[in-house]
Amino acid sequence: MDEFDAVLDLEEKHFASGFERGVAHAEAEGHADAEALGMQKGRELGTELGGYFGRVSFLLDVFSALPDLCNDRTLRTLTATRDLLLSLRLDPQDEACFEMINEIRAKMR
């Protein structure tokens, strides 16, 4: 039986080696996929928030030049939205960040 032990050990060693390489490959691929997805979502979020900021800034400029077009409530909402956008610090691990984004989205509806 000793002569077969070496064959069994050989199979186990190759299996373990292949498994370790497979895990390392999967982790590397997973990180690359996660990075690509993070970049895509970051661009989408940046485009969305930048659009909001542009709209709010434009409206505030228009309403400051033509104050008769805007009531106080609208002006307060636009100012609060601008302040939220300026104070937002994007941190994907901070739940408060996503709450602020949702608040901004609600104001922009």
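Just so you know, these numbers use all the heavy atoms, side chains as well, and skip hydrogens, waters and symmetry mates.
- Residue D33 places its CG atom among more than 12 non-hydrogen atoms of other residues, nucleotides or ligands, all under 6.0 Å distant.
- When atom types are taken as modelled, the side chain of S57 and the backbone of G54 share no donor-acceptor pair closer than 3.5 angstrom.
- Among all heavy-atom pairs drawn from L78 and V56, the shortest one is O-CG1, 3.4 Å.
- With T81 contributing its side chain and T77 its backbone, the two residues share a donor-acceptor pair below 3.5 Å.
- No more than 12 heavy atoms of other residues, nucleotides or ligands shown are found within 6.0 angstrom of CD on E35.
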*For side-chain hydrogen bond (donor to acceptor under 3.5 Å, both in side chains), just list the numbers for T74 and N71, CA-CA rounded to whole Å, side-chain angles, deciding distance to a tenth of an Å, and then say yes or no.*
CA-CA 6 Å; T74 303; N71 60 38; 2.8 Å; yes
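- For the atom pair M108 CE and L49 CG, the distance stands at 10.0 Å (nearest 0.5 Å).
- Hydrophobic cluster membership is shared by F63 and L66, with clusters built from Ile, Leu, Val, Met, Phe, Trp and Tyr side chains linked at under 4.5 angstrom.
- Looking at every heavy atom in both residues, D91 comes nearest to C97 through N-SG, 3.6 Å.
- Heavy-atom minimum distance, I101 versus L45: CD1-CD2, 3.7 Å.
- Rounding to the nearest 0.5 Å places CG of L59 at 10.5 Å from CG of L69.
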*Candidate pair Y52 and R105, rule side-chain contact (heavy atoms from CB on, under 4.5 Å), full reasoning*: CA-CA 9 Å; Y52 293 158; R105 286 175 174 149; 3.8 Å; yes
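- A distance of 12.5 Å separates CD1 in I104 from CZ in R109, rounded to the nearest 0.5 Å.
- When all heavy atoms of L86 and R89 are compared, the pair lying nearest together is O-NH1, 3.3 Å.
- Taken to the nearest 0.5 Å, the CD atom of E48 stands 15.0 Å off from the CZ atom of F53.
- Annotation for S87 and M100: closest pair OG-CE, 3.3 Å, computed over non-hydrogen atoms.
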